[in-house]
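Everything below concerns the one structure shown next.
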Amino acid sequence: MRKTLLPALVIITASLLLIRLFYLQVIDDSLRLKSENNAIKIKYIYPERGYIYDRNGKLLVANQPSYDIMVIPRDVKEIDTVQFCNLLGITKIDFIKKIEKARIYSPLLPSVFLPQLNKEEYAAFQEKMRRFNGFYIQKRSLRDYQVDYAANVFGFITQVNEKIIEKNKYYVGGDLIGKQGVEESYEEILRGQKGVQYVQKDKFNREIGSYKEGKFDTIAKQGEDVTLTIDAELQKYGEELMINKRGGIVAIEPKTGEILALVTAPSYDPTILVGRKRSVNYTKLYRDSIAKPLYDRGLLAEYPPGSPFKILTGLIALQEGVIDQTTTFNCRHGFSYARGRFMKCHCHGGAVELHRAIFESCNTFFSSSYIRTVNKYKDRGYGVDVWAKHLKSFGLGDFMGYDLPTGRKGNIPTSKLYDKTYKGWKWDGKTIVSNAIGQGEVLMTPIQLANFMATIANRGYYYTPHIIKKIEGKMIDQKYRTKHVTTIDRKYFDPIVEGMFDVYNRGTASGLGAVGIEICGKTGTAENFAKVNGKRVKLQDHSIFVAFAPKDNPKIAIAVFVENGYWGARWAGPITTLMIEKYLNKKISRTDFEVRMLNGSLKSQYDKLLPVKQQDSIFRIRDSITFAKQKLDSITKQKAAKKTILKDSTKAL
């Protein structure tokens, strides 16, 4: 047996090698195709990208023909470069740079020399192309935007770079790829599949026909059309309302998680990123470090949520059993805590219960509820973690998993942060009470605000927000059809909803309602600080509003955030009402709001930020607890000054 094993292995191995060699040399011509590369010209046939429609079937993005001038560097011989450059409107220096770049990529393979010629430029060049050896025209399609809004939703098309080519072998030099928005998220679906033609050349480099009668050729497959969840008219209206303002609007259908509108302001016309001027225009947008038109505030901007967060504070307190609907706290127009520290309150004072606390936005009630929640447990750190766990069940403090390529996770602090911040010191609910009213260390993006409002509208569950509704009749991803249930029992949502309903009837948003629509909402005002010339300066507060409507069987949940917009009812509140009316009634009854919002401007507030450095102009607010942390970190090394440290940190809190 041992004598025959080794010869058998040798024979079997040799047989396998012979079979493989026979297959590669006789049956499979793919390697021969590669070896004959010098005699074969590869032509790509680029398909049209899939069309993009809104939820109502309105065409938003189509295609238009475009023409690229391609070059094979090795074949560029004896051409009149002066005539060539004059024809295309480029300099000789540009010509040399482009040829060299193409040669570095490959002297034998085609590269894009000049992309995206229009019809007139194409016609002029085609007429004289025979004079320019090594150059030919590659037909492609570019995006043809049917609307001048929703640029942040669509994204844009650009050429692939070397990193993309190395990472994904589908792409070759000169190929186009979707960036940002839907174009990036659904690139593989929208792009289709390009075809390939192999053309035989003779020794004079002339095309003499299809290689192997087209045996290796493949046909192009057009990209699939997609239908978005966006309501085009609502999106357009939202962008109009945000002209001369900065911020974001996110509207969601509560029962499905479908994004109805995703507005960022300021924005730009998507058509400016099409054609030969795309690069110049993109550079201008990118370098605008003040207005940041490429920065999607609806998904990326992390703000303190302000008073809307009180809704969550109340829900958690109810769930933890530290309050009920009849619990009252005595408000003396503010809340005293931390050795004389006083948090002002704009409610009417007196004994305040949950319902009134919501529609009057009582700081005292929710601060007291928060302290009870944290201090319920002997281990205060555990109490904070219980609080944080409830919040995370609403999708907060983490990336939400929506189908857009950009986003931030916001911040829901846990005991780990505070143990580090107050290392060696005893802390409890009072120390970090700013969290109760949506300041402190809590940060949320507008889409998180809108999603938590959708969760309230659903009385305790939500679907992951998403922007895709249909792909050629296919079912959307299962994760967008999966219900997420919070840790709060359904019964606790009813009193919260009733309080939010009276925000419009007799609370902080009284006078902001629309006839015939039962809206539940919550105003918010967030303090706003920035560094100007190295100093911490208080700027105008941010205006926040969240709402859903109708009260029963809600059809829309919305969050509006207007930077430097004063208080919630001044800018964000009216915009919210108008957006809800537009979606539900398709017409506007509050024309007084409409005129004021369409014509209103906060430009004077933003002009104050012009000298602020880019890194300082990001609108983030940190409560005084952050500065207490900095003070503690720097001073705690000096053990002899413990009493001074305690006194200073207490004042800062």
Side-chain angles (χ1 to χ4, degrees), residues 300-306 309-317 319-322 337-338 341 343 366-401 407-445 448-449 451-452 484 486-488 526-527 529 618 620-639 642 645-646 648-653:
L300 290 169
E302 296 172 301
Y303 306 99
F309 193 79
K310 294 173 183 176
I311 297 168
L312 295 169
T313 299
L315 280 171
I316 295 171
Q319 181 68 36
E320 287 297 308
V322 297
Y337 67 103
R341 187 75 172 171
M343 180 192 297
F366 293 104
S367 296
S368 301
S369 299
Y370 176 76
I371 291 170
R372 283 192 179 185
T373 299
V374 174
N375 292 356
K376 172 185 175 181
Y377 301 93
K378 186 175 181 180
D379 182 346
R380 306 310 193 216
Y382 180 75
V384 169
D385 291 339
V386 168
W387 167 80
K389 183 178 180 182
H390 286 304
L391 292 172
K392 289 178 180 179
S393 74
F394 285 80
L396 305 177
D398 203 350
F399 297 106
M400 299 186 67
R408 295 264 174 81
K409 64 180 183 179
N411 186 54
I412 299 299
T414 63
S415 62
K416 185 177 180 180
L417 170 64
Y418 298 118
D419 285 340
K420 182 179 179 181
T421 301
Y422 300 105
K423 186 176 182 180
W425 304 101
K426 187 176 181 180
W427 61 271
D428 61 9
K430 280 189 177 183
T431 313
I432 54 175
V433 71
S434 295
N435 289 329
I437 60 171
Q439 295 284 168
E441 309 311 308
V442 177
L443 293 174
M444 292 170 63
T445 60
Q448 289 176 326
L449 277 166
N451 187 63
F452 113 66
H484 303 277
T486 70
T487 56
I488 309 298
E527 291 184 319
F529 294 91
I618 299 174
R620 286 195 184 187
I621 299 84
R622 292 293 190 185
D623 187 76
S624 55
I625 187 173
T626 302
F627 297 91
K629 174 184 180 298
Q630 294 173 354
K631 187 176 291 187
L632 286 170
D633 287 343
S634 63
I635 302 177
T636 47
K637 296 179 181 179
Q638 304 172 20
K639 295 182 180 180
K642 283 188 177 180
I645 299 168
L646 181 57
D648 289 347
S649 60
T650 301
K651 287 182 178 180
L653 290 169

Distance in Å, [X] [atom1] paired with [Y] [atom2], rounded so as to fall on 0.5 Å steps:
{"X": "L396", "Y": "T486", "atom1": "CG", "atom2": "OG1", "answer": "10.5 Å"}
{"X": "F366", "Y": "T313", "atom1": "CZ", "atom2": "OG1", "answer": "7.0 Å"}
{"X": "N435", "Y": "T373", "atom1": "CG", "atom2": "OG1", "answer": "11.5 Å"}
{"X": "K416", "Y": "T421", "atom1": "NZ", "atom2": "OG1", "answer": "12.0 Å"}
{"X": "F394", "Y": "M400", "atom1": "CZ", "atom2": "CE", "answer": "11.5 Å"}
{"X": "F399", "Y": "R408", "atom1": "CZ", "atom2": "CZ", "answer": "8.5 Å"}

Atom of [X], atom of [Y] and distance for their closest heavy-atom approach:
{"X": "Q448", "Y": "G397", "answer": "NE2-N, 3.9 Å"}
{"X": "S367", "Y": "V433", "answer": "CB-CG2, 3.6 Å"}
{"X": "T487", "Y": "S393", "answer": "N-OG, 3.2 Å"}
{"X": "V322", "Y": "S369", "answer": "CG2-O, 4.1 Å"}
{"X": "S434", "Y": "G440", "answer": "CB-N, 3.6 Å"}

Exam field: side chain E302 to backbone G410, donor-acceptor pair closer than 3.5 Å: yes

Is a side-chain N or O of N411 found less than 3.5 angstrom from the main chain of E441, in a donor-acceptor match? yes

Going by heavy atoms in the side chains, are [X] and [Y] under 4.5 Å from each other?
{"X": "L443", "Y": "P304", "answer": "yes"}
{"X": "V386", "Y": "H390", "answer": "yes"}
{"X": "T445", "Y": "L300", "answer": "no"}
{"X": "V384", "Y": "P413", "answer": "no"}

If you apply the rule side-chain contact (heavy atoms from CB on, under 4.5 Å), what do you find for I432 with Y370, and how did you get there? CA-CA 9 Å; I432 54 175; Y370 176 76; 3.4 Å; yes

Dump the intermediate steps for side-chain contact (heavy atoms from CB on, under 4.5 Å) on V374 and D428, then the final yes or no. CA-CA 7 Å; V374 174; D428 61 9; 5.7 Å; no

Considering residues, nucleotides and ligands other than K409, do more than 12 of their heavy atoms fall under 6.0 Å from its NZ? no

Run the numbers on R380 and Y418 for side-chain contact (heavy atoms from CB on, under 4.5 Å), then give the verdict. CA-CA 10 Å; R380 306 310 193 216; Y418 298 118; over 6 Å; no

State which residues pass side-chain hydrogen bond (donor to acceptor under 3.5 Å, both in side chains) with T414; sequence neighbours excluded, sorted by chain then number. none

Who are the side-chain hydrogen bond (donor to acceptor under 3.5 Å, both in side chains) partners of D419, not counting sequence neighbours? W427

Quick one: do the E320 and Y377 side chains pair a donor with an acceptor below 3.5 Å? yes

